[in-house]
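Both backbone and side-chain heavy atoms feed into the values below; hydrogens, waters and symmetry mates do not. Each chain gets a letter, A, B and so on, in the order the sequences are listed, and its residues count up from 1.
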Amino acid sequence: MSAASHLSPSEIMIAAVAPMLEGLGHVAVGSQSPIPGSAALLAQARSGGRMRVSILGSRDQNPFTDGGRELFDCAGQGRIDAFFLSGGQIDGAANINLVGTGEIETYPRHQQRFPGSFGSAYLYYVVPRVILFREEHTPRTLVKVVDFISAPGTSAANVYRPGGPFALVTSRCVFSFDKHRARFTLQSLHPGVTTAEIAEYTGFAYDTPARVPETPSPDPATLALLRGDIARLVAATYPGFALKTWGIG
Amino acid sequence: MSAASHLSPSEIMIAAVAPMLEGLGHVAVGSQSPIPGSAALLAQARSGGRMRVSILGSRDQNPFTDGGRELFDCAGQGRIDAFFLSGGQIDGAANINLVGTGEIETYPRHQQRFPGSFGSAYLYYVVPRVILFREEHTPRTLVKVVDFISAPGTSAANVYRPGGPFALVTSRCVFSFDKHRARFTLQSLHPGVTTAEIAEYTGFAYDTPARVPETPSPDPATLALLRGDIARLVAATYPGFALKTWGIG
Amino acid sequence: MLTSAPPLLSVSVLAARIGNGTKLVLPADYSGCAMAVVTELMRRPVRDLHLVGAPVMGFQADQLIGAGCVARVEAAAVTLGEHGLASRFTAALKSGELEMWDATCPAIHAGLQASEKGVPFMPMRGLIGSDLLAVRPDWKVIDNPLAEDGKRDPIAIIPAIQPDVALFHAAKADRHGNVWIGIRRELMLMAHASKATFVSVEEIVDGNLLDDPALAAGTIPSLYISGLAVAVRGAAPIGLADCYSADNAALAAYATAARSSAGFRDWLARKLDREPVTA
Amino acid sequence: MLTSAPPLLSVSVLAARIGNGTKLVLPADYSGCAMAVVTELMRRPVRDLHLVGAPVMGFQADQLIGAGCVARVEAAAVTLGEHGLASRFTAALKSGELEMWDATCPAIHAGLQASEKGVPFMPMRGLIGSDLLAVRPDWKVIDNPLAEDGKRDPIAIIPAIQPDVALFHAAKADRHGNVWIGIRRELMLMAHASKATFVSVEEIVDGNLLDDPALAAGTIPSLYISGLAVAVRGAAPIGLADCYSADNAALAAYATAARSSAGFRDWLARKLDREPVTA
C-alpha cells in the first residue's frame with residue numbers, strides 16, 4: 001500500500017476510471033475533462049493500442065474531420081463505446097442537471113445558472129457506457145432530485161436508448177448504476193474514505209453492500225506508465241492539469 | 001437574317017435558352033447538358049459576370065465542396081434560380097418521365113428503360129425556373145400522358161413547390177408553360193419550322209397563338225462571343241460537343 | 001473573377017451590415033471567432049440580437065450580452081471554458097433581461113442541417129424525458145411514422161434554424177470570395193444554413209482556393225459568402241487553429257473583469273479606447 | 001500507430017470480405033470507383049448483392065449485373081453517361097431477374113444521412129405526385145407536424161439507408177488507415193452511413209494525413225475504415241480526379257460489347273484472363 005499512499009487524488013480517480021474502459025473499442029472524452037482523458041489514455045496504453053481514444057479539442061487525439069456534428073453522428077452510428085458526462089447536480093436516479101438550480105417554473109432565472117446541457121441530452125441515450133464524473137462530492141452536487149433534468153438516467157422501455165449511465169466517479173468513491181432499479185450502489189471507497197463519510201456527503205439514497213472494497217490502486221507498472229508516457233501525452237492536451245498533477249508541461 | 005442562316009441547330013437552341021436566364025443570379029447545369037451549359041455560359045458572359053454558373057462534373061465551373069448532396073441542399077436553400085431537366089417522355093402537363101415506357105403495373109419490366117429520375121423528383125419542385133430541354137421533338141418523346149411520372153409538372157396548392165417548369169426547348173421550337181393552366185403554349189419556331197410541323201410532331205395538346213414568331217437569332221456580337229470565348233469555355237467541360245459544333249477542342 | 005464576388009469590406013463596415021434584431025449564428029471558441037467584428041458590434045452597439053451558438057458559445061456571447069446587444073440566446077451552453085462561468089450571460093439571465101432557448105449540441109446541428117437542406121425539421125434521438133422539451137415548446141415529440149406495426153416509437157423533431165447572418169473568422173480567403181476553413185466544417189454548415197454569411201480573415205491570398213484539390217476540400221465557395229473583411233489576429237484574444245494560440249492572460253483578465261457589471265463596463269471602455277475604429 | 005488501424009489487404013482479399021447478399025453502396029462514375037475490386041467480385045463471382053448507388057451508378061453496376069452478382073439495385077439512375085445506356089442493367093430489368101428500387105438523388109443522400117445520424121428517417125421536399133412514391137412503398141408521406149395550425153403540409157419521409165459495406169477508390173491513404181478523398185464528400189457520407197468501409201487507393205503515403213491541416217480537411221479518419229488495398233490505376237478505365245483521365249476507348253468498347261449478353265461474356269472472359277488475380 002505504500003505506492004497508493006503516494007497517489008494524488010487525481011491519480012486515484014484516473015485509476016478508478018481506467019478499468020471501466022477495458023476491452024472497449026472507442027472511448028471519447030470532452031474537451032475539459034483531464035481526469036477522464038488521462039484515464040482513457042491510460043486504458044488505451046494498457047490495451048496495446050487496440051482502443052481508440054478521441055479527445056475533443058485535442059490537436060493530436062481528435063480524429064474528427066466533419067465538423068462539430070461528427071461526434072454526435074459517430075455516437076448515433078454506435079461507434080463510440082464510452083463517454084463521460086458531469087452535472088451541476090446529479091441525483092440518485094442518475095438524472096443530470098447542467099442548466100441551473102431552482103424551481104423549473106422560474107426558468108431561466110435560476111438561483112445558480114450552469115453553462116448548459118452541451119450534448120448530454122443526446123449522448124446519454126446513445127453511448128452504451130456513460131461514466132458520470134464529478135470531483136465535488138457534496139450534498140450540493142449529489143442531490144436527492146435534480147432541479148432540471150438535462151438528461152434522464154433511465155427511460156421508458158419504448159424509448160430508443162442503447163446507452164446510459166454505467167458508474168459515477170467522485171473524489172470520494174465509485175458508485176455503480178443499475179438501470180433496471182434506477183439506483184446507485186456504492187462500489188468502492190477511495191483510500192481513507194469511510195462509508196459514513198459517503199453517507200454524510202451524498203444527498204441521494206443508494207445501496208451499500210455489507211463490505212465495500214477500497215478503490216483499487218494501480219500496480220507499480222501501471223503507475224509508472226501513468227506518470228511517464230501518459231503524463232506526457234496528457235500534457236499536450238491538458239497542460240495545466242499535467243503541470244499541477246505531475247509537474248510537467 | 002444572313003447570320004441566322006448560318007446558325008447550326010445547336011446554336012439556335014443555345015440562343016433560344018440564353019435569354020431565359022437573363023437577370024438570374026445562379027444557374028446550375030447537369031453534367032451531360034452541353035447545349036444548356038453553353039447557353040448558361042453565354043448568359044453569364046452577357047451579364048458581365050453577375051450571374052454564377054455551376055456545371056456539375058466540370059473541373060472549373062463546379063464550385064461545390066460538400067459532396068453530391070450540395071447541389072440539392074443549395075437548391076433547397078433557394079440559392080439556385082434555374083436548372084435544366086429532360087425526359088425520355090414529356091407530356092402536355094409538363095410531367096416528365098425518366099424511368100421507362102409501358103404500363104406502370106409492369107414496373108420495372110419496362111418496354112424501354114431510361115436511366116432513372118436523377119434529381120428531378122426534387123429539383124423540379126424547388127428551382128424557380130426549370131427549363132425542360134429535349135432535342136428530339138417527336139410524338140415518341142412529347143407524349144399525351146407520360147407512362148411514369150418521375151416528377152409532375154404542377155402540384156396541388158398545399159404542396160410546397162416554389163419551383164417548376166418555365167419552358168420547353170426542342171430542336172424545332174420553344175414552348176412556354178403556364179402552371180395555372182398546366183399547359184404549354186407555342187412561343188417561337190426555330191428558323192424554317194412551321195406550326196403544321198409542330199402539330200405533326202407533338203404528341204400533346206398545346207395552345208398556338210395567332211402569330212408565332214421565329215426564335216430570335218443572336219445578334220452578330222453575341223454570335224461572335226458564342227463562337228469565341230464561350231466555345232473555348234465549353235470545350236473545357238464538353239470537349240466532344242465543342243469539337244462537333246465549333247471544330248475546337 | 002465574378003463581379004458577383006462578395007465585397008471586401010473594412011471590419012467596421014462589415015459589422016454595420018449586421019442590423020438590430022439579427023438572428024446571428026456564432027461558432028464555439030474552438031472554431032473561428034470574429035472577435036474584431038464583435039468589438040465593432042459592441043462599439044455601435046447593435047441591439048436585440050438573437051444569438052445562436054453553433055452549438056455552444058463563449059467569449060463572443062458573454063461580451064455581446066454584457067454590452068447590451070443581445071435579446072435572446074439559443075445555445076447548448078454558454079461558458080468561458082477553463083476561464084469559468086460566463087458571468088455577463090449568467091447575470092443577464094438572473095435579471096430577466098435575456099431570453100434563453102436552452103438546447104443540446106446535436107439539436108443545434110440538426111436545426112442548422114434542416115435549414116441547410118430546406119426541410120422544416122429533422123428528427124433526433126435522445127431528448128425524451130429531458131426538461132429541455134419543457135422549456136422548448138418549439139421542439140415536438142412524434143411517433144416515428146416508420147415504426148413497426150403496433151409499436152410506439154417516440155422521437156423528437158427539431159425545427160429548422162435559419163439564421164439571418166452567420167459570422168466567423170477564418171485563416172484565409174481568395175479574391176473570388178472563397179473562404180478556407182479546413183476541418184472546421186461547422187462553419188460551412190453555418191454558411192449553408194444562413195441567409196447571409198460575413199467572414200473576417202487573416203489574409204486574402206492570390207489565386208483561387210478551389211483550384212487546389214487539397215485546399216478546395218476545406219473551402220466554402222463564394223456562393224455562400226456575403227462579405228469579407230481582413231482582420232489580422234481577428235480572433236484574438238481567442239486563438240485560431242494553426243495560426244495563433246489564445247492569449248490566456250487576456251482571457252483571464254476578461255473573465256475576472258466581467259464578474260461585475262462595473263468591471264465589464266471598465267473592460268469594454270478600455271477595449272474600445274485601445275482599438276480605434278478602422279473605416 | 002494504433003494496432004487497431006485497418007488492415008492492408010490485397011485487392012482479392014479485400015474483395016473476399018464482401019460476401020454474398022451484401023448491401024453494397026457504390027459511388028457514381030465521377031467519384032472514386034474501385035474497379036479493380038469490382039473485377040475480383042466478378043471473378044468469384046459474388047452473388048445477390050443489393051447495390052445502392054450514391055446516388056447514381058454507371059460501369060460498376062452494369063458490370064456486376066452482367067456478371068450475375070446483383071439481386072437488387074437501389075439508385076436514382078444507372079447509366080454509362082456519354083457512352084449510352086447501361087445495357088446489362090436494362091436487360092436484367094426486362095428479364096425480371098433484377099429487383100429495382102428507383103430513387104431520386106437527394107432521397108439517396110437523405111437516406112444515407114439518416115443512417116449517418118442514427119435516425120430512422122429524414123424528411124424531404126419534392127416527391128409528392130411522383131410515381132416514385134408508388135413504386136417505393138418504404139417511402140411515406142406525412143403531414144408536417146410543425147405546420148401552422150389548420151394547415152396541411154404534406155412532406156415525404158425517407159427511411160435510413162444503412163449499407164453493410166461501402167466500397168470506393170481514392171488517391172491515397174496513410175499507414176494509420178486515414179483516407180484522403182478531397183472534395184468527394186459523398187464518399188465520407190457513404191463511410192459514415194455504412195457498417196463497414198473498404199477502400200482501394202493509388203498509394204499509401206508516409207506520415208499521418210490528419211497532421212496536415214490542408215489534407216485533414218479532405219480525409220476520412222481510419223475510425224470508419226475496415227480495410228485497405230493498394231490498386232495502382234485502381235479506378236481505370238474510369239478516371240480518378242487529379243490522377244488520371246478516363247480511358248474512353250476502353251469504356252466505349254465495354255459499352256458496345258455489353259449490348260448483348262454474349263458480347264458481355266466475351267468481354268468479361270478477356271478481362272479476367274488479362275488481369276490475373278493477385279494474392
Discussion item. Please rank C:R152, C:K151, C:M188, C:R184 by heavy-atom pairs under 4.5 Å with chain A and give me the top one.
Written reply: C:R152
Fill in: A:R161 side chain vs A:Y124 backbone, donor-acceptor pair below 3.5 Å
yes
Worksheet item: Hey, are the side chains of A:D147 and A:I104 touching, using non-hydrogen atoms and a 4.5 Å cut-off?
Response: no
Discussion item. For chain C, which candidate among A:S120, A:S155, A:G76, A:S117 shows the most heavy-atom pairs at distances under 4.5 Å?
Written reply: A:S117
Practice prompt. Tell me, for C:Q113 versus chain A, whether the close heavy atoms (under 4.5 Å) come from the side chain, the backbone, both or neither.
Written response: side chain
Worksheet item: Between C:E74 and C:R136, is there a salt bridge with N-O shorter than 4.0 Å?
Response: yes
Worksheet item: For C:A110, is it the side chain, the backbone, both, or neither that has a heavy atom closer than 4.5 Å to a heavy atom of chain A?
Response: neither
Worksheet entry | Best-contacting candidate, C:G81, C:A86, C:A156, C:A241, against chain A by heavy atom pairs under 4.5 angstrom | C:G81
Discussion item. Counting only non-hydrogen atoms closer than 4.5 Å, does C:D242 touch chain A with its backbone (N, CA, C, O), its side chain (CB onward), both, or neither?
Written reply: side chain
Response to the item:
The interface call for A:Q111 against chain C, heavy-atom contacts under 4.5 Å, is backbone
Worksheet item: What part of C:S95 is in contact with chain A, defined as an atom under 4.5 angstrom from a non-hydrogen atom: side chain, backbone, both or neither?
Response: backbone
Fill in: Side chain / backbone / both / neither for C:M124 at chain A, heavy atoms under 4.5 Å
side chain
Item to complete: With a 4.5 Å cut-off on heavy-atom pairs, point out which of C:D153, C:V135, C:I155 contacts chain A the most.
Response: C:V135
Worksheet item: Is it the backbone or the side chain of A:Y107 that comes under 4.5 Å from a heavy atom of chain C, or both, or neither?
Response: side chain
Discussion item. I want to check something: taking the side chain as every heavy atom from C-beta on, are A:V17 and A:L42 in contact at a cut-off of under 4.5 Å?
Written reply: no
Worksheet item: Looking at C:D102, C:I183, C:L133, C:L132, which one has more heavy-atom pairs under 4.5 Å with chain A than the rest?
Response: C:D102
Worksheet entry | From CE (C:M190) to CD1 (C:I108), nearest 0.5 Å | 11.0 Å
Response to the item:
Okay, C:L93 and chain A: the region with an atom under 4.5 Å from a heavy atom over there is both
Response to the item:
When the 4.5 angstrom heavy-atom criterion is applied to A:T65 and chain C, the contacting part is both
Worksheet item: Are the side chain of C:E82 and the backbone of A:Q32 linked by a donor-acceptor contact shorter than 3.5 Å?
Response: no
Fill in: Side-chain heavy-atom pair A:Y201, A:P139 within 4.5 angstrom cut-off
yes
Fill in: Per-residue contact mode, C:I128 against chain A (heavy atom under 4.5 angstrom)
both
Discussion item. Taking every non-hydrogen pair under 4.5 Å, which of A:F64, A:Y160, A:F118 racks up the most with chain C?
Written reply: A:F118
Worksheet entry | A:Q89 (side chain) donor-acceptor with A:V143 (main chain) under 3.5 angstrom | no
Response to the item:
In terms of heavy-atom pairs under 4.5 Å with chain C, the winner among A:A156, A:S31, A:G116 is A:G116
Practice prompt. Using atom types as modelled and distance alone, determine if a side-chain donor or acceptor of C:D62 lies under 3.5 Å from a backbone N or O of C:R88.
Written response: yes
Worksheet item: Are A:D81 and A:R129 close enough for a salt bridge, meaning some N to O gap below 4.0 Å?
Response: no
Discussion item. Checking the side chain of A:T141 only, and the main-chain atoms of A:E136 only, is there a donor and an acceptor separated by less than 3.5 Å?
Written reply: yes
